[in-house]
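What follows is a single structure, written as structure tokens, with notes after it.
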Amino acid sequence: MLTIHNSLTKQKEPFTPIEAGKVRLYVCGMTVYDHCHVGHARMIVVFDVVVRYLRYLGFEVTYVRNITDIDDKIIQRAHENGEDIQTLTTRFIQAMYEDIDALGVLRPDIEPRATESMPEIITMIARLLEKGYAYATRNGDICYTIQRFAAYGQLSGKQLDDLRAGERVVIDESKQHPLDFVLWKMAKSGEPSWDSPWGKGRPGWHIECSAMSTHCLGNHFDIHGGGMDLQFPHHENEIAQSEGATGEPFVNVWMHNGFVRVNNEKMSKSLGNFFTVRDVLKRYDPEVIRYFILTSHYRSPLNYSDQELDAAKQALTRLYTALRGLPQISYQKGQYSQRFHAAMADDFNTPEALSVLFELAKEINKNETPAEFGAELHHLGGILGLLQADPDTFLHGTDDVSEIEQLIAERLAARKQRDWAEADRIRDRLQELGVILEDGKEGTIWRKR
RNA sequence: GGCUGGGUGGCAGAGUGGUAAUGCAGCGGUUUGCAAAACCGUACCUCGCCGGUUCGAAUCCGGCCUCAGCCUCCA
């Protein structure tokens, strides 16, 4: 039985889909004005694992992850760069695919873009106006009136009276309530705009997700995910918009992943303490990053540092070392699978699930006939999107290996002559090249440090 | 000020009532020409602080200290 922590109720609940055997899931994706950083990578990998696991359990999953390709920051960045908006977003969408494909992330089933969803957005705003959930301000913007939505605050646990709008930002006098948010912004000169019944303009960020998710998945769907920072106000606003417009319940289960931290602070664009995925990929195998993300539970904070990545690399090396040289046989469910699945079914407890993989590695290493354990390890790793590379490929790296193999052959010859000095000299040389040797009964094998 | 979520052995990180998973690091041994990898054994520490409930708590309750996040955009 799969249980999932629901941010709405703040507890783990047994998961029951709305429609038997099917799961409809929406995750807030990227705003494409810059490269993905490790924080984005965490969100994307976490929900990739969620989707993989739901599918593994036999659910027919419809996974939707949007792309926000129009907003203030995009406009601003395009302006700074002196390029047009579409050129900018196209470039960063391409870059995003490069980054997350490298991390072994499966593509969503539907990937709606804000700029391609204007009819749905406009329809939803019109419905909110009809039902009295929205109003036009003096300057022509359309705003949501949160006081009309009685359940506002249910997700974040905030009471309207407790919220201090204007604490950190100037209050907009044209709004009825300081926390009312914009659904449709009137066009400014030089900015992209779309026609609407209220004149040319563009959508607010919150309405995009409400419109795209309900359009792709229906008014009421199973799971909505995103980063912890989106809980308020973004997801709170989505509930208000969607339930206001449709009159139906919006989402059954809300899932929020924790942050990546750097020196005990949230990694973020605004703090400037972020590492882009492509920079980290220059120094670490993508699978190491994926593994690193899964070493902590998805709701816990994850500390980013080189030491942590080194540790992840070392751990993954242990698993691949165990798999090296094993005959490929078909997987049969073993005793470890049960524990792996118990962990995963408990709110996707990947650290616990990974610990089972290490126990399998140990079993392989000490066992005379380890092929079955190897097949199980390979199979269970695959559920997490790990351990699918050829072990030698992982351990050797992707650079040219001919010089290394040449040196190893020379060392082997020296060892045959019992010329230990020469053998050790070559080994030192190889060490300089980052190669670690292992002399076994059946010859010498090696790996990259 | 309000709301969330945390504080676990040297480090990382699970565990939410029965006495600390897993990885790295440490120590002793096996193995090795020496190493490495691997295996076997092993220590440390008792789970932020104080009090309570219980036969029994890291795990429940109360108080306190402290950290992070949200209440602007943010995965």
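So you know, we letter chains A, B, ... as the sequences are listed, proteins then strands, and number each from 1.
Pair assignment for B:rU22 gives B:rA12, based on Watson-Crick or G-U wobble hydrogen-bonding distances that are each under 3.5 Å. With a cut-off of 3.5 Å on both Watson-Crick or G-U wobble distances, the partner of B:rU54 is given as none. Summarising the base pairing, B:rA38 is matched to B:rU30 through a Watson-Crick or G-U wobble pair whose two defining distances lie under 3.5 Å.
Between A:Y144 and A:Y133, the two ring planes are parallel [angle under 30°; tilted spans 30° to 60°].
Comparing B:rC71, B:rA75, B:rU22 by their nearest atom to the side chain of A:P233 picks out B:rC71. The side chain of A:K366 approaches B:rC40 more closely than any other nucleotide in the set B:rA75, B:rC40, B:rG15. You'll find that the side chain of A:L179 is closest to B:rU72, out of B:rC39, B:rU72, B:rA12.
Across all strands, A:G29 comes closer than 4.0 Å only to sugar-phosphate atoms, never to a base (heavy-atom distances). At the heavy-atom level, A:R299 lies nowhere under 4.0 Å from the strands shown. Heavy atoms of A:F259 sit under 4.0 angstrom from at least one base atom.
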- Note on the structure: A correct 5'-to-3' footprint of nucleotides 25-32 of chain B, with B, S and - meaning base, sugar-phosphate only and no protein heavy atom under 4.0 Å, is S-------
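For A:K10 and B:rC3, the shortest distance from a side-chain N or O to OP1 or OP2 is not below 4.0 Å. The phosphate of B:rA12 has neither OP1 nor OP2 within less than 4.0 Å of any side-chain N or O from A:N303.
On a pure distance criterion of 3.5 Å, a polar donor-acceptor pair joins the side chain of A:K158 and the base of B:rC70.
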